[in-house]
*Asks:* 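Provided herewith is a single structure, encoded as structure tokens, for subsequent inquiry.
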Amino acid sequence: MDSALLTQPKQRFTEAVKFLPVGFVVLIIFILHYIYMHFHALPRYPDSTVEIVIFNVVTLLLVTCYVMCILVHPGTVPDKEEDISWQIVAQDLRDPPLDVSVANPQEWKRSGDRRQCKWCAKYKPDRCHHCRVCRTCILKMDHHCPWIYNCVGFNNHKYFFLLLFYSCIDCHIIFWTMQDSVRAALTPDTPFLKMFGLLFGETLAGFLGTLVTLFFGFHIHLMMRSMTTIEFCEKSMKRVGYDANVYDRGSTGNIKAVLGDNVLLWLLPCSTPPGRGINFVSEDMRLTRDMEVGRGVRRRAHQKAEPAAEPKKRSAKPQTSGGTGSAPGSAGHSEDDFSGDEEKPSAHSHGPNAENGSSPAVPVVVTASGTAMSSAAGGAAAMSSVIDEASGTAQDAVAPSGAAAPPS
């Protein structure tokens, strides 16, 4: 597709073929309403007065939300006439951004630069994505829905959510309240058109009710997590946790972010959430998140500061006698003294024991006469004397107690 065409804002509702899904949805609404009213509710009037009132009120709200989903623009990045700070061409990198919300975005590119759209030549606010079907950037884009010939974004997210809610209620009303009429129609004297209409409506309502209920439950989950469908898919592909979300405001705050601040108007197609759809993290949310991060850092530091498990101690060994009279194979050091995982110390060891931090092991030097010479355990001076003595015995091998060396 030519990039020059994508850079220009697309006029809405210019492709008639994309109205086919919309016409299909309208046809289904009309068929289910006709079957329920003509074959079930009106023949049972006045016993079905309550059902008629509730069903028509819910259907009216459903149609209203559906029309609003189609007509209301989901929201896009401001033009240069509204806010020049979002324009890439007009933005001077030496000057600070004009909008306060631009100064602290939560989403950045991997290179560290601000997110930008090459098609619209604008910087992207947080949670904004470019839709190639609509050919524009959509604020807080959830997904592009062909059934409404529009994107679900910041301005019409509430209408889409309520559309699923009312559709779910309508399908369940039809499925559960029309069962008596369906059973009564399964007789030989029932006209074929009425029997077919009731069976078709019951089956269609049950099928659509199951799908819409699952889809509506998914969007309830997204709303409680303060996520859009795109953000959910991104976390799924990156295999990161779904609980960590910078836009999370708690259960009540997340509901208000979709249905508006007025609790009494949550289930009515009015009173959309306030704001421009550009900034989603307030100062109190930043403070709360920083405090939580600080608590986590302190908790990890405290866990690292806890004393480690007590290391394994060596078994007691008999001490060697002083002097140079310890012969190999005596009680001084045997081959079993260095067993298991312990490393056998050598005459060149100068550091402390790596396992338990104890003092250095006593090095043993065997003279030319076969006598074992051991230094006193302790500091570096004793160690150096042992090394010097070992080098001296290599030149003149002197037997213990001044005796002459035995003949070879």
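Counting begins at 1 with the first residue of the sequence. Keep in mind that this is a model prediction, so the values were computed, not measured.
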*Asks:* If you look at every heavy atom in Cys168 and Thr213, which pair is closest and at what distance?
*Replies:* SG-OG1, 3.2 Å
*Asks:* Is it true that, when you exclude Tyr45 itself, more than 12 heavy atoms of the residues, nucleotides or ligands shown sit nearer than 6.0 Å to its OH?
*Replies:* no
*Asks:* Would you say Leu199 and Leu186 make side-chain contact, with heavy atoms under 4.5 Å?
*Replies:* yes
*Asks:* Just by modelled atom types, is the Ile84 backbone N or O under 3.5 Å from a matching donor or acceptor in the Gln87 side chain?
*Replies:* no
*Asks:* Measure the shortest side-chain to side-chain distance between Trp266 and Lys256 over non-hydrogen atoms and say whether it is less than 4.5 angstrom.
*Replies:* yes
*Asks:* Which atoms form the tightest heavy-atom contact between Cys145 and Val152, and what is the distance?
*Replies:* CB-CG2, 4.4 Å
*Asks:* As a quick check of understanding, evaluate side-chain hydrogen bond (donor to acceptor under 3.5 Å, both in side chains) for Thr187 and Thr190, giving each step before the final call.
*Replies:* CA-CA 6 Å; Thr187 57; Thr190 303; 2.6 Å; yes
*Asks:* Quick test of your reading of the model: are Arg183 and Asp180 salt-bridged, counting only N-O distances below 4.0 Å?
*Replies:* yes
*Asks:* Between Asp142 and Thr229, is any side-chain donor less than 3.5 angstrom from a side-chain acceptor?
*Replies:* yes
*Asks:* Tell me if the centroids of the rings in Tyr159 and Tyr66 come within less than 6.0 Å of each other.
*Replies:* no
*Asks:* Rounded to the nearest 0.5 Å, what separates atom CG in Leu211 from atom OG in Ser167?
*Replies:* 12.0 Å
*Asks:* With rounding to the nearest 0.5 Å, note down the distance linking CG in Leu20 to CG in Leu27.
*Replies:* 12.0 Å
*Asks:* Rounded to the nearest 0.5 Å, what separates atom NZ in Lys158 from atom CG in Leu163?
*Replies:* 14.0 Å
*Asks:* Could you go step by step and tell me if Gln179 and Glu202 meet the side-chain contact (heavy atoms from CB on, under 4.5 Å) rule?
*Replies:* CA-CA 8 Å; Gln179 290 183 358; Glu202 185 77 1; 3.2 Å; yes
*Asks:* Is there side-chain contact between His130 and Lys122, with at least one heavy-atom pair below 4.5 Å?
*Replies:* no
*Asks:* Kindly give the heavy-atom pair with the smallest separation between Ile138 and Cys131, and that separation in Å.
*Replies:* CG1-CB, 4.1 Å
*Asks:* Any side-chain to backbone donor/acceptor pair from Asp79 onto Glu81? Under 3.5 Å, distance only.
*Replies:* no
*Asks:* When rounded to the nearest 0.5 angstrom, what distance separates CG in Asn262 from OG1 in Thr272?
*Replies:* 11.5 Å
*Asks:* What I'd like to find out is whether the side chain of Ile31 reaches to under 4.5 Å of the side chain of Phe200, using heavy atoms alone.
*Replies:* yes
*Asks:* Show the numbers, then the answer: is there a side-chain contact (heavy atoms from CB on, under 4.5 Å) between Glu51 and Ile173?
*Replies:* CA-CA 8 Å; Glu51 296 178 3; Ile173 289 177; 5.9 Å; no
*Asks:* Ignoring hydrogens and geometry, is there a side-chain-to-backbone donor-acceptor pair from Thr76 to Thr136 under 3.5 Å?
*Replies:* no
*Asks:* On the ring face of Phe280, is Arg127 found with NZ or CZ under 6.0 Å from the centre and within 45° of the axis?
*Replies:* yes
*Asks:* Is the closest side-chain donor-acceptor distance between Asp248 and Asn254 under 3.5 Å?
*Replies:* yes
*Asks:* Identify the two heavy atoms, one from Tyr149 and one from Thr14, that lie closest to each other, and give their separation to 0.1 Å.
*Replies:* OH-N, 3.6 Å
*Asks:* Any side-chain to backbone donor/acceptor pair from Arg12 onto Leu71? Under 3.5 Å, distance only.
*Replies:* yes
*Asks:* Does the side chain of Leu139 come within less than 4.5 Å of Pro74's, by heavy atoms?
*Replies:* no
*Asks:* Apply the test side-chain contact (heavy atoms from CB on, under 4.5 Å) to residues His129 and Cys137: give CA-CA distance (whole Å), side-chain angles for both, the deciding distance (0.1 Å), then the verdict.
*Replies:* CA-CA 5 Å; His129 300 274; Cys137 287; over 6 Å; no
*Asks:* Do Asn150 side-chain atoms and Val72 backbone N/O form a donor-acceptor pair below 3.5 Å?
*Replies:* yes
*Asks:* Can you measure from OH (Tyr247) to OG (Ser226) and round to the nearest 0.5 angstrom?
*Replies:* 9.0 Å
*Asks:* Heavy-atom distance under 4.5 Å between the side chains of Cys151 and Met141, does that happen here?
*Replies:* yes
*Asks:* Can you find a pair of side-chain heavy atoms, one from Lys18 and one from Pro146, that are under 4.5 Å apart?
*Replies:* no
*Asks:* Using distance alone, with no hydrogens and no angle criterion, decide if Ser48 and His40 have a side-chain donor and acceptor under 3.5 Å apart.
*Replies:* no
*Asks:* Of the options Trp176, Phe55, Phe30, which is the one that meets Tyr36 in a ring-ring contact (aromatic ring centres under 6.0 Å, His included)?
*Replies:* Phe55
*Asks:* Work out which heavy atom in Phe175 is nearest to a heavy atom in Ala205; give both atom names and the distance.
*Replies:* N-CB, 4.3 Å
*Asks:* Looking at the rings of Phe160 and His143, which for Trp means the six-membered one, are their centres under 6.0 Å apart?
*Replies:* yes
*Asks:* Would you give the length of the straight line joining atom OG of Ser85 to atom OH of Tyr123, rounded to the nearest 0.5 angstrom?
*Replies:* 10.0 Å
*Asks:* Can you tell me if Asn155 uses its side chain to pair, donor with acceptor, with the backbone of His73 under 3.5 Å?
*Replies:* yes
*Asks:* Decide side-chain hydrogen bond (donor to acceptor under 3.5 Å, both in side chains) for Asn56 and His33; before the verdict, give the C-alpha distance in whole Å, the side-chain angles of both, and the deciding distance to 0.1 Å.
*Replies:* CA-CA 9 Å; Asn56 283 279; His33 185 272; 3.1 Å; yes
*Asks:* Indicate yes or no: at least one non-hydrogen side-chain atom of Ile28 is less than 4.5 angstrom from one of Leu208.
*Replies:* yes
*Asks:* With a sphere of 6.0 Å drawn around CZ of Phe24, does it hold more than 12 non-hydrogen atoms of other residues, nucleotides or ligands?
*Replies:* no
*Asks:* Establish, yes or no, whether a centroid distance under 6.0 Å links the rings of His157 and Phe161.
*Replies:* no
*Asks:* Would Met37 and Ile52 count as a side-chain contact (heavy atoms from CB on, under 4.5 Å) here? Give the steps.
*Replies:* CA-CA 8 Å; Met37 293 296 297; Ile52 293 175; 3.9 Å; yes
*Asks:* Minimum heavy-atom separation for Arg115 to Pro125, with atom names?
*Replies:* NH1-O, 2.9 Å
